Amino acid sequence: MITFRNYKGCRVFIHYKDGMGVTRALITGHNREYMTISVHGHFRAAETNEFVTVLILTKDGVHEYSGKMRRSTAESQTAEIGLFKGRVKEDRAAKRYDINAPATVENLILESGKMALRSPVKVTLVNLSTTGALLQATPDCFAMDSVVEIKLGITSSLSTMHGKIVRVRSLNTTCAEYGCRLVLAF
């Protein structure tokens, strides 16, 4: 049995099963009886009953659902998605979804509170899962085990996540990857 709750106002990523893109949207309503969410965003018109994967960003983490587009119109930028349980499990703890969106890191999170950086660090959120995220930035931006506040700009609002750096890998002299375990999202 799927746990369904009121996600109204939460940000959502919709991943199409054909691999032809990811849509960022806002949940504008829900129907508990039919287990559907209504979303508003810039997305393609989908076939009725097209299967999608939905990542919902909430205050207590990222929730993953499989779903089916019930209605969608590109003109009105609205869709209704029926949610249900089930997904193809990867060999990983959680499935990754390609996001490739710009983001910034403005604060480090310390035991004593937030510490503002002198200037925000521009990063790319490469992918996201229910347990972590992969960032790309210039080398030597973040140290292992540091906790960073990641702000993802989605249209006019911001989604904020806290991630602990658990892996650092230099790709070249101008770019490095930072693997983060999500410790808090709000």
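Since this is a predicted model, take the numbers as computed values, not measurements.
Residues passing the side-chain hydrogen bond (donor to acceptor under 3.5 Å, both in side chains) test with Thr53, sequence neighbours excluded: Lys17. Applying the side-chain hydrogen bond (donor to acceptor under 3.5 Å, both in side chains) rule to Arg169 yields the partners Glu177; only residues at least two apart in sequence or on another chain are considered. Checked against side-chain hydrogen bond (donor to acceptor under 3.5 Å, both in side chains), Thr173 has no partners two or more places apart in sequence or in another chain. Every residue was checked against the side-chain hydrogen bond (donor to acceptor under 3.5 Å, both in side chains) condition with Ser38, not counting sequence neighbours, and none meets it.
For the residue pair Glu80/Tyr34, the side-chain donor-acceptor check at 3.5 Å is not satisfied.
Between Thr28 and Lys8, the closest heavy-atom pair is O-CE, 3.2 Å. The minimum heavy-atom distance between Tyr178 and Ile165, with the atom names listed, is CB-CD1, 4.0 Å. Considering every non-hydrogen atom in both Ala25 and Ile14, the closest pair reads CB-CD1, 4.5 Å. The two residues Ile150 and Gly163 have their closest heavy-atom pair at CD1-N, 4.5 Å. In terms of heavy-atom proximity, Ala101 sits nearest to Arg24 at CB-NH1, 3.2 Å. Scanning both residues, Met69 and Ala79, for their nearest heavy atoms gives CE-CB, 3.9 Å.
Results of the side-chain contact (heavy atoms from CB on, under 4.5 Å) test with Phe13 over Leu55, Asp98, Val52 single out Leu55 as the only residue that passes.
Taken from CZ in Arg11 to CD1 in Ile56, the straight-line distance is 13.0 Å, to the nearest 0.5 Å. For the atom pair NZ (Lys68) and OG1 (Thr36), the distance works out to 14.0 Å, reported to the nearest 0.5 Å. The CD atom of Glu149 lies 4.5 Å from the CG atom of Asn107; values are rounded to the nearest 0.5 Å. The structure places CD1 of Ile81 at 4.5 Å from CD1 of Ile37, a figure rounded to the nearest 0.5 Å. Atoms CG and CG, on Asn100 and Leu128 in that order, are 11.5 Å from each other to the nearest 0.5 Å. A distance of 10.5 Å separates CG of Asn31 from CE of Met35, quoted to the nearest 0.5 Å.
Applying the 4.5 Å side-chain rule to ILVMFWY residues, one finds Val126 in the same cluster as Leu134.
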Verdict with reasoning, Glu106 to Lys151, per salt bridge (Lys or Arg N to Asp or Glu O under 4.0 Å): CA-CA 8 Å; Glu106 297 176 1; Lys151 290 190 176 183; 3.5 Å; yes
Test side-chain contact (heavy atoms from CB on, under 4.5 Å) on Thr104 and Val121 and set out the steps. CA-CA 5 Å; Thr104 59; Val121 177; over 6 Å; no
Checking Val54 against Leu83 for the side-chain contact (heavy atoms from CB on, under 4.5 Å) test, could you report, in this order, the C-alpha distance in whole Å, the side-chain angles of both residues, the deciding distance, and whether it holds? CA-CA 8 Å; Val54 178; Leu83 302 177; 4.2 Å; yes
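Under a hydrophobic clustering in which Ile, Leu, Val, Met, Phe, Trp and Tyr are joined whenever their side-chain heavy atoms come within less than 4.5 Å, directly or via other members, Val123 and Val166 fall into different clusters. No continuous path of hydrophobic side-chain contacts links Ile99 to Leu26 [ILVMFWY only; heavy atoms under 4.5 Å]. Hydrophobic clustering keeps Val105 apart from Leu171 (ILVMFWY residues linked when any side-chain heavy atoms are closer than 4.5 Å, directly or through intermediates).
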Could you tabulate the donor-acceptor pairs under 3.5 Å formed by side-chain atoms of residues 138-146, not counting sequence neighbours?
unit_1	atom_1	unit_2	atom_2	d
Ser146	OG	Ala143	O	2.6

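At a threshold of 4.5 Å between non-hydrogen side-chain atoms, the residues Leu135 and Leu125 count as touching.
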